[in-house]
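This report refers to the structure that appears directly beneath it.
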Amino acid sequence: MENRRIGGVHLSNIGSYEERIEDFNWDIAKDILDWKDGELLNIGAICSDRICSRGDGKKTALIWEGFGDKNARYTFDDLRVYSNGFAKFLSEQGIQPEDRVCIFMDKIPSLYFSFLGVLKLGAIAQPLFSAFGDESLEVRLASAGTRAILTTRKHVRKVRKIKDRLPELKKIIVVEGNPDRLKEGEIFFDVENSPRVEEFDVYHSTPETPSVLHYTSGTTGQPKGALHVHNSIWAQALTTSWVLDLLDDDIYWCTADPGWVTGTSYGIIGPWALGATQCVLDSGFTSSRWYKFIQDNRITVWYSAPTAIRALMKDGNELVSDFDLSSLRNLASVGEPLNAEAVIWSGEVFDGLKFHDTFWQTETGAMMITNYPGMEIRPGSMGKPFPGIKAAVLDLATHEPVDEAGKVGLIAFRPGWPSMFRQYWKQPDTYRSKFVGASENAMPDELRTNPDLWYVSGDRASIDKDGYYWFVGRDDDVINTGGHLVGPFEIESALVEHEAIAEAAAVGKPDKVNMEVVKAFVTLKPGFEPSDDLELDIMNFIRKRLSPLAMPQEIEYRDKLPKTRSGKIVRRYLRAIEWGEEVGDLSSLSDE
Ligand code: WT7
């Protein structure tokens, strides 16, 4: 990518937002990547081989730091060779195109190599957050019919617990550590200590070849697998260029874990498609560690999340001045509402740089509504639709686009952008239910290409008179804790597996830093009494089975839970109490 700096001043990649909308065409992304029709469209190859063949093999692709003083650097040539290594190894293990390969590890370098390797093979990468406990893991592997899992010593014990219940899981591969410590049936593969694989015949994916399967939570039922395809790269690369504004000499840091979509779309695909240098910090959060990471690596572009920003804010302005953060030039945020205070604060402490809020979802694969470099930021607003994205807010009752400024409705998008999810894994009805105006038996391919439908995001917002979008809240019961969605149903199902619990409801309660945390309401089985010990035991039970995110921060014991006359627990009611909101119409509740 050509750097456009005039007299030291960089004109942003997007230039004029209005002009970009005027002459928008997704093929602009192909021009930016200098990609011609007929060339190989494989995300794994575009992010590594292609950068090498344009002459940047020696450029640093990954600057990695772990706990303590562990660190490493890799070039694009390393990325190419090590992803080849994974692709070759997996193919020798019998993994076929479209097989699901789960990547279950901390943010170690092999996560990044294997992700690209799986894609080079034409298989489907299924990254899962390494903090997931065995039950969260099992549900997602069972749903996807996963064939192979790549993991580490630390996390393999969770796989051992569940493998007997997963007949389709044929290969358990441990990518680091000591091969002698493995159990029978487990395979060891350390790519950095294996022979270099210079050549690999990359799978000839088409635009519609599946690429990544990310699980995301809904209100009802277990998490759903949002399936993406190789064509997504155009939206990911173009938004990376125009919103994150990456240039050739930028040092970029996306703080998200690739177990979630931000960590793959903007922590792997978008930036490496452009040949940018990325930083990864695989150690827990402390404000000083983060600032030091920016300082030491001279990070220029930083994509993070409101929870982290609020945690930094809490640690005060003085700490910021202990570090030299003058390298920073563009900041962006995603995952939850970015409150106006956080935007204003960042402008104060980072030398005028304000976080640019971006709104999107696992399902959208790339940014949809965002603030752009050069545009006036209205603190608290998510910004405006990305050029090429046709967005609206639909009336809550009629589902017609709202044209009145400030009126709240459902955020919706016209289908057809490149990174749109192609299906919920094996759940065509649930996929269909996300589209307003869909005919009863419409197939996924018809839905995603029909420009007369609306894809409904499940969030509420209003649009002001100048076209800025303002987030209001979710339209469902999904809990957003620190930018991570957790499904109440998944938590409730796990809660009722605890020996003491008869019934359970999980809702989000307000939290200063995480926006929401999980709160559980439970009724106990006969013979069990409420106590602090029991509360702790239940919390740990959920933390181990599901994850620290899903763990209730508070458990309230009740004699009974509010239910409809047909016996369905009404979370809405419990949630409203937590938020001090109007409880609404209770006429449908049972008096029992
Ligand atoms: C949900 C999607 C896509 C990146 C990570 C999350 C909420 C996301 C914002 C924002 C307010 C936001 C929405 C959305 N969300 N960005 N800028 N302002 N809310 O992906 O796990 O699929 O979550 O996160 O509720 O639907 P996800």
Side-chain angles (χ1 to χ4, degrees), residues 127-129 140 212-219 223-228 232 235-236 239-240 243-244 254-270 303-310 331-340 342-343 355-372 377-386 389 391 393 408 410-413 417 419-421 424 434 455-462 468-487 490 508 514-516 547 549-550:
L128 289 176
F129 186 40
R140 290 160 177 80
V212 185
L213 183 64
H214 270 298
Y215 273 78
T216 182
S217 298
T219 304
K224 311 172 290 266
L227 184 69
H228 290 280
S232 69
Q236 290 151 343
T239 49
T240 301
V243 181
L244 298 173
C254 169
T255 61
D257 187 299
W260 311 99
V261 72
T262 309
T264 54
S265 290
Y266 297 101
I268 300 182
I269 304 173
Y303 194 25
S304 198
T307 290
I309 300 163
R310 287 191 291 268
L331 318 181
S333 164
V334 66
E336 359 142 27
L338 180 64
N339 44 315
V343 176
F355 274 97
H356 292 80
D357 193 11
T358 65
F359 168 92
W360 55 292
Q361 307 179 297
T362 304
E363 287 86 343
T364 70
M367 298 170 187
M368 301 300 278
I369 297 175
T370 98
N371 289 277
Y372 309 92
I377 294 180
R378 300 196 174 166
S381 161
M382 307 192 292
K384 297 184 180 184
F386 188 77
I389 298 296
V393 153
V408 175
L410 300 168
I411 304 174
F413 304 104
W417 67 96
S419 62
M420 180 178 183
F421 71 133
Y424 283 127
K434 296 289 288 190
Y455 161 75
V456 179
S457 71
D459 292 292
R460 294 180 180 198
S462 66
Y468 282 77
Y469 281 62
W470 297 79
F471 186 80
V472 173
R474 287 193 60 97
D475 190 47
D476 59 19
D477 292 339
V478 173
I479 302 161
N480 186 332
T481 179
H484 299 110
L485 301 189
V486 285
E490 193 177 11
N514 292 291
M515 185 172 88
E516 285 185 311
S547 74
L549 300 172

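Atoms within each ligand, like the ligands themselves, are counted from 1 in listed order. Nothing here was measured: the structure is a model prediction, and the numbers come from that model.
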Under 3.5 Å, side chain of H228 to main-chain N/O of S419, donor-acceptor pair present? yes
Distance under 4.0 Å to a non-hydrogen atom of N480: what atoms of ligand 1 satisfy this? 7 (C), 24 (O)
For atom 2 (C) of ligand 1, grab the closest protein heavy atom and report residue, atom and distance to one decimal in Å. W360 O, 3.7 Å
Any idea which atoms of ligand 1 are less than 4.0 Å away from a heavy-atom of P337? 11 (C), 18 (N), 19 (N)
What protein heavy atom lies closest to atom 21 (O) of ligand 1? Include the residue and the distance to one decimal. L485 CG, 3.4 Å
For atom 4 (C) of ligand 1, which of the options I369, N371, T262 provides the nearest non-hydrogen atom? T262
Against heavy atoms of M382, which atoms of ligand 1 measure under 4.0 Å? 18 (N)
Is there a side-chain contact between T358 and Y303 in this structure, where contact means two heavy atoms from C-beta onward sitting under 4.5 Å apart? yes
Would you check if there is a donor-acceptor pair between the side chains of T364 and Y455 at a distance under 3.5 Å? no
Mark up the atoms of ligand 1 that fall under 4.0 Å of a heavy atom belonging to V334, in ascending order. 4 (C), 16 (N)
Find out whether Y469 and F359 are in side-chain contact, i.e. whether some heavy atom of one side chain is under 4.5 Å from a heavy atom of the other. no
Using the test salt bridge (charged side-chain N to carboxylate O under 4.0 Å, His left out), find all partners of E363 that sit at least two apart in sequence or belong to another chain. none
If you count the atoms of ligand 1 from 1 in the order shown, which ones are under 4.0 Å from a heavy atom of T358? 10 (C), 16 (N), 17 (N)
Tell me, which protein residue and heavy-atom name are nearest atom 1 (C) of ligand 1, and how many Å apart are they? R474 NH1, 3.7 Å
Quick check: do W470 and R378 have side-chain heavy atoms less than 4.5 Å from each other? yes
Taking atom 25 (O) of ligand 1 as the reference point, the nearest protein heavy atom with its distance: D459 OD1, 2.6 Å
V334 and M367, any side-chain heavy atoms less than 4.5 Å apart: no
Shortest protein contact, atom 10 (C) of ligand 1 (heavy atom only): E336 O, 3.4 Å
G458 touching ligand 1 at heavy-atom level, < 4.0 angstrom: no
Under 4.0 Å between a Lys/Arg side-chain N and an Asp/Glu carboxylate O for R474 and E516? no
So, do V243 and Y372 sit near enough that their side-chain heavy atoms are less than 4.5 Å apart? yes
Quick one: look up the protein heavy atom nearest atom 27 (P) of ligand 1 and list residue, atom name and how far away it is. T362 OG1, 3.4 Å
Considering both backbone and side-chain atoms of G335, is one of its nitrogen or oxygen atoms within less than 3.5 Å of a nitrogen or oxygen in ligand 1? yes
